[in-house]
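All remarks here apply to the structure that follows.
Every chain is numbered from 1 and lettered A, B, ... according to where its sequence line falls, protein lines coming before strand lines. Source: prediction; values computed, not measured.
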Number of protein chains: 2
Amino acid sequence: MTPNKEDYLKAIYKLGGMETLVNNKQIADTLQIAPASVTEMLGKLKREGLIHYEAYKGSRLTSEGIGAAISLVRGHRLWEVFLMRHLGYSWSEAHEDAELLEHITPPRLIARLDQFLNHPAYCPHGSAIPRSDGQVDCMPLQPLNLLFVGEASRIRRVTEEKGLLDYLQGLGVTIGASVRIVEAGAHEGPLTLDLDGKRVQISYKAACQIYVDETARL
Amino acid sequence: MTPNKEDYLKAIYKLGGMETLVNNKQIADTLQIAPASVTEMLGKLKREGLIHYEAYKGSRLTSEGIGAAISLVRGHRLWEVFLMRHLGYSWSEAHEDAELLEHITPPRLIARLDQFLNHPAYCPHGSAIPRSDGQVDCMPLQPLNLLFVGEASRIRRVTEEKGLLDYLQGLGVTIGASVRIVEAGAHEGPLTLDLDGKRVQISYKAACQIYVDETARL
DNA sequence: AAAAAGATTTAGGCATACCTAAATTAGCGA
DNA sequence: TCGCTAATTTAGGTATGCCTAAATCTTTTT
């Protein structure tokens, strides 16, 4: 297994490759790699038994592939917890360096890091950390932009993307904060939020990447 | 810079490439790589300004190469401190995993790790950790086997090699322990030591890899 | 259903980093 | 100094993982 192959597995996993067939274009876009290169690599991953793949159809992780992908994600998120909790990293920095560390983290290091950090259930960006047995728990969440004006909820997760993370952290967005839409600009205009009592403006696009508790609706 | 090139730089550094010319055979032996491959890589490192190299003569680090090598060693040893102090690693495990981590540790991570660990001066095996400005301090040490029978000293450093580390740690050898040669077998036979008050037998070859304070001699 | 558009694969190349085998150079002893 | 040996380099080849351009398949649109 090489870092490159690991990136492919992670990409397929995040694109839904546990349940559905993932098409090559999505992988190429995610990894910023030419489609032809993707085809080639998928052939290798198939030969190694990590994915199911049929030409022109798409790819899906095998159980072995799922195991590898989940282990990578687990390592990534544990490192993020360490980097922020103990080394004072920012959201985006933690994500960046975890991206490097995950590829060379052997199982025993993952296990001891998990123990050192006291078996955290979530990474600093709010994503669930897969357990050592591969179990991943998920809460019912919805993107912030779908909240009605006046409706209150609580921030649970943000998408891990450098630019977004810096923007949100600069605005004071935090996991667990209570949030209420005060005003929504027309045509996907900026949203005015009540964030833990403070008034904050946020772009519509960013709001789509913030996930909050589903609110009870009839 | 790639992990491979980094390994070459580190090897040259450890073989004395800061002061003297290092010959290819030593590098090939250290890295377990065919001599022809070494020649090829040295050409690349020269083109990149990391080493001085003349065919058939040998190689020596440039100031840029020294900087890179020292930064690698610094990262390696800081990771070792972390792995043993906080994750309960053994001597040999710490060395192994640090070998992986050093290659993907960006400068900011080295800096924050150093701070988190409180700027340690030595790694768990007793080697000095280069400071962020590149400064490396060294104590006058000698191998344990050169101690006379009856002579006492203190263990300061052990060579980082998996088999040796497991052997020594199993024997209860620790950095800082007081040591005295009780008996030395003839013909490079085993040494009987008084180690912090406990009687321990150790192979001659292992003793060559244990460094103790130089003792005052006239 | 045919054509256009989009996705995917094939073909041919490039760089890295390794290898073996063969040629060359350097250094040492007779 | 000749010649042997050890070290080194050159030559030719492999696998990985990426690329572009061209061909092919699929899907959508008309």
When rounded to whole Å, the CG to C1' distance for the pair B:L31 and C:dC19 reads 15 Å
Let me know the distance between CD1 of B:I33 and C1' of D:dA7, rounded to the nearest Å.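 B:I33 atom CD1 is separated from D:dA7 atom C1' by 17 Å.
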I'd like to know if [X] and [Y] make a salt bridge, using a cut-off of under 4.0 Å between side-chain N and carboxylate O.
| X | Y | result |
| --- | --- | --- |
| B:R85 | B:E80 | no |
| A:E102 | A:R74 | no |
| A:R131 | A:D137 | no |

Under the side-chain contact (heavy atoms from CB on, under 4.5 Å) rule, collect the residues that match up with B:L87, sequence neighbours excluded. A:L109, A:R112, A:L113, A:F116, B:F82, B:L83, B:Y89
Residues within residues 1-30 of chain A bordering DNA chain D, heavy-atom distance below 4.0 Å: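 Within this stretch, A:T2, A:N4, A:K5, A:Y8 sit under 4.0 Å of the strand.
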Go through residues 35-57 of chain A and report each residue with a non-hydrogen atom lying under 4.0 Å from DNA chain D, sorted by number. A:A36, A:S37, A:E40, A:M41, A:K44, A:Y56
B:R157 NZ/CZ over B:Y211 ring centroid, <6.0 Å and within 45° of normal: yes
When you compare the side chains of [X] and [Y], does any donor N or O come within less than 3.5 Å of an acceptor on the partner?
| X | Y | value |
| --- | --- | --- |
| A:D166 | A:S92 | yes |
| A:H86 | B:H86 | no |
| B:H125 | B:E161 | no |

